[in-house]
Each structure stands twice: as C-alpha cells, then as structure tokens.
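Just so you know, these numbers use all the heavy atoms, side chains as well, and skip hydrogens, waters and symmetry mates. We count ligands from 1, going down the list as the structure has it; atoms in each ligand are counted the same way. Keep in mind that what you see is a predicted model, and the values were worked out from it rather than measured.
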Amino acid sequence: MICLGIESTAHTFGISVVRDKDKKVLSNIITAFKTKSGGLVPAKVADHHIDVLEDTFVKALETAGIKAIEIDLIAFSQGPGIGNTLRIGAGFARSLSLLLNKPLIGVNHCIAHLEVGRFLTKAKDPVLLYASGANTQVIAYEAGKYRVFGETLDLGIGNFLDTFARNLGLGFPGGPKIEELAKKSKHYIKLPYVVKGMDISLGGLETNLKNRVHQGKDSKEDLCFSVQETVFAMLIEVAERAMAHTGKTELLLGGGVACNKRLQEMSRIMCEERGAKLFLLENQFFVDNAAMIAITGIEMHKAGVKTPINKSEIRPYERTDDVDVKWR
Ligand code: ATP
Ligand code: FE2
C-alpha cells in the first residue's frame, strides 16, 4: 500500500509518500513558514501553505517516483492545531480523495509523533517525550488509548526557548542557537525548577530569565547552559516517572526540541540508569512532518478505521486521549 500524508497543523506544510510493504518513506517534503521577527499570524501561515501546496505535492510525488494514480490512501492531520492551517491540508486531502476515488483518513498529530517511532525503529511500546514548539507532553499507550501522563501547565518548551532566545536577541528559531551557546559554558546558574506532580511549568522561569537578561549580569553562554540543564531535567524527571508508573522500558523522543543533543544525552543517561532503551529518529522525523501522518494513516487503515468526507472536519482542540486506538 502507498499512502500520501499531509501535515498542516501549524507553521509546517508537508507532504510525504510512504510505502507500507517495505516500511519505506519514499519522500518527506517539509516546507516551514518562517518570520524574521514577530510571531505567527494564522491567516498568513495559511496563505503560505496555499503558496507552497502545488510545489510540495509535485516534489513529494517526483521524489517518491510515483504518479498520483498509484496512491492507495490519503492521510491528513485532522488536529490538534491552528484552524486556519488545518483547513488547508484537510481541504486538499478531501479533494484528492474524491478525485482519485481513494479512502481518506484523519490522523491525530500528537499520536503520529509516537507512531513514526514505532514504524521506523524497533520500539514496540515506548513512552514518548514529545517536546515541540506548542506541545510538551509525555504520552504512552494504556487501556485502548494514548494517554497524557504529564504535560506543561503553561508554555510549550519550544515556544519558551524561542521567547528566551528572542529576549537575548538571538532570532528564530531559538532552540538551535541556545544549544550552540550552551556548549561554551559549564557554569550553572541556579534557576527556578518547577515540577508539579507529573506536570511542569515554565511561566515563572520565563519571567526570571527576562529579568536576568534585562539586568545584564550573566553571560549569554551561562544562561543558555543553565536554561538547558534546568528545563531538560524537568522533562526527564516526568518522563522517567511515567516510565516507572507504567512499567514501560522504552523511551522515544519527538518534536523539534528532540533535535537537541544535550536533551538526547540526558535521555540516554536516564535510560541507562534504569535499564531502559532510548529510541531516536532522524531530525526530519522529530520536527513536524507528513511522513508520520502517512505512517499513522496506514496503521489506522489496516485496522479498518475510516474517515468519510462528512466526518473529516478539522479538530483544532482534539486531545490525545480523545482518539480510540483500534490499531493496537
Ligand atoms: P507542534 O505544532 O507540534 O507544537 P512546532 O510547530 O512547534 O510543533 P517543531 O518543528 O516540532 O514544530 O518544533 C519547533 C521547535 O523546536 C522550535 O521551538 C525550535 O526552537 C525547537 N528546536 C529546534 N531545534 C532545536 C534544538 N536543537 N534545540 C532545542 N530546540 C530546538
Ligand atoms: Fe508536532
């Protein structure tokens, strides 16, 4: 089976072609909306997705070396995400499904970050530490659903890092720039560490850092190093507690922040200490991408899940545990 996946939950528009029989991602085209300064205006991001839609589609088919008529299934990200941008992907998916007369399948974006790991690695039943711009969640399968075992109570970790980087004058996206500067320091500045039960909170830390940057006493390098050590330790703590609670012995990383080598290293140390296995992916499968949507679509389709056009409405607020997982 050949599945075409479409991703459009936020600033990334992606199209991918995945072949099921040999578990091959034939193409994974990612086009990300970027700004030089300022945040994302939903209507502008939606316009970007329309601008790149045709090129992305043609490139995805060309790279995969297939023609549109060879597609057996069309998967799209149905939610959660920004309404304006979700609508672009969903509308295109419906049109393709009607034109090609092939089944349509709506996929939950957060679950797709976990399924891509199960498809591409040997992980069978991992706990997912999903750390992206807007999302920060620890997710695992339990009793018929993917459940959120811990999450941020306020800011997403990536958005938090980007705001801190902007305050330091580092530009967007901030995560990679912070990582580079952090390598130049080993001096730890004690910062607020807020873990509440299974959840984390970053709002207080954000204010603390804004004040520190304003005072100008600490070096950028020391701040970047200390921020990474603090917030990644918070993530690892809740991920570890979820593993202990569920008795699971595999950890998978996901989301753009998972590209960070220090977060990967801390994850590896934690897993080694508790005799668990860590699974990492190529960066193209950590960040928002359409391959994970196609992969999840294939799994759902094989389990008989269907999304008729009249049930293909976008679901901007869909939660991970809203989805009945019939394919596991
Ligand atoms: P979602 O819609 O799922 O929340 P997103 O739209 O934010 O995702 P992603 O590509 O998953 O998109 O993640 C982007 C985030 O990842 C940005 O906040 C960016 O700063 C962060 N990031 C990217 N590379 C690194 C890195 N090396 N270290 C830390 N953070 C990083
Ligand atoms: Fe994501």
Subject >> Qualifying residue for side-chain hydrogen bond (donor to acceptor under 3.5 Å, both in side chains) with Trp327, from Glu299, His301, Glu115 >> reply: Glu115

For ligand 1, note which part of [X] has a heavy atom under 4.0 Å away: side chain, backbone, both or neither.
X: His109; result: side chain
X: Asp162; result: side chain
X: Tyr130; result: side chain

Taking 4.0 angstrom as the limit and counting only heavy atoms of [X], give me the atoms of ligand 1 inside it, by number and element.
X: Ala134; result: 4 (O), 7 (O)
X: Gly158; result: 18 (O)
X: Ser132; result: 1 (P), 3 (O), 4 (O), 8 (O), 11 (O)
X: Gly256; result: 9 (P), 11 (O), 13 (O), 16 (O), 22 (N), 23 (C), 24 (N), 25 (C), 31 (C)
X: Gly174; result: 20 (O)
X: Pro173; result: 19 (C), 20 (O)
X: His11; result: 5 (P), 6 (O), 7 (O), 12 (O)

Could [X] and [Y] be called an ion pair, given the rule that one side-chain N must be under 4.0 Å from one carboxylate O?
X: Glu237; Y: Arg241; value: yes
X: Glu179; Y: Lys177; value: no
X: Arg19; Y: Asp22; value: yes
X: Asp222; Y: Lys186; value: no
X: Arg147; Y: Asp321; value: no
X: Arg262; Y: Glu229; value: yes
X: Lys145; Y: Asp322; value: no
X: Lys102; Y: Glu70; value: no

N/O/S atom name from [X] that is nearest to the position of the Fe ion (ligand 2):
X: His109; result: NE2
X: His113; result: NE2
X: Asp288; result: OD1

What protein heavy atom sits nearest [atom], and how far off is it?
atom: atom 15 (C) of ligand 1; answer: Gly133 N, 3.9 Å
atom: atom 21 (C) of ligand 1; answer: Val257 CG2, 3.9 Å
atom: atom 28 (N) of ligand 1; answer: Asn260 ND2, 3.0 Å
atom: atom 30 (N) of ligand 1; answer: Gly175 CA, 3.3 Å
atom: atom 8 (O) of ligand 1; answer: Asp288 OD2, 3.1 Å
atom: atom 27 (N) of ligand 1; answer: Glu179 OE1, 2.8 Å

**OP:** For Pro176 and ligand 1, answer yes if some heavy atom of the residue is under 4.0 Å from a ligand atom, otherwise no.
**Re:**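 Right, Pro176 reaches ligand 1.
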
Original post:
Among the heavy atoms of Thr12, does any lie under 4.0 Å from an atom of ligand 1?
Top reply: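 Not so, Thr12 does not reach ligand 1.
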
Subject >> Residue of the set Ile293, Thr307, Ile74 for which side-chain contact (heavy atoms from CB on, under 4.5 Å) holds with Ile105 >> reply: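 Of the listed residues Ile293, Thr307, Ile74, the side-chain contact (heavy atoms from CB on, under 4.5 Å) partner of Ile105 is Thr307.
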
Subject >> is_close_aromatic(Phe33, His48), centroid dist under 6.0 Å >> reply: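 Yes; His48 has its ring centre under 6.0 Å from that of Phe33.
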
**OP:** Verify the distance criterion only: is there a donor paired with an acceptor across the side chains of Thr9 and Glu7 at less than 3.5 Å?
**Re:**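 Present: a donor and an acceptor within the cut-off.
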
Subject >> Any donor-acceptor N or O pair under 3.5 Å, side chains His109, Asp288 >> reply: yes

**OP:** Output yes if Thr9 passes the N/O/S-under-2.8 Å test against the Fe ion (ligand 2); output no otherwise.
**Re:** no

Subject >> Any N, O or S atom of Cys110 closer than 2.8 Å to the Fe ion (ligand 2) >> reply: no

Original post:
If you measure from CG on Asn28 to CE on Met292, what distance do you get to the nearest 0.5 Å?
Top reply: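 Going from CG on Asn28 over to CE on Met292, the span is 9.5 Å.
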
**OP:** Could you tell me whether some N/O pair between Cys259 and ligand 1 is separated by less than 3.5 angstrom?
**Re:**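 There is no such contact.
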
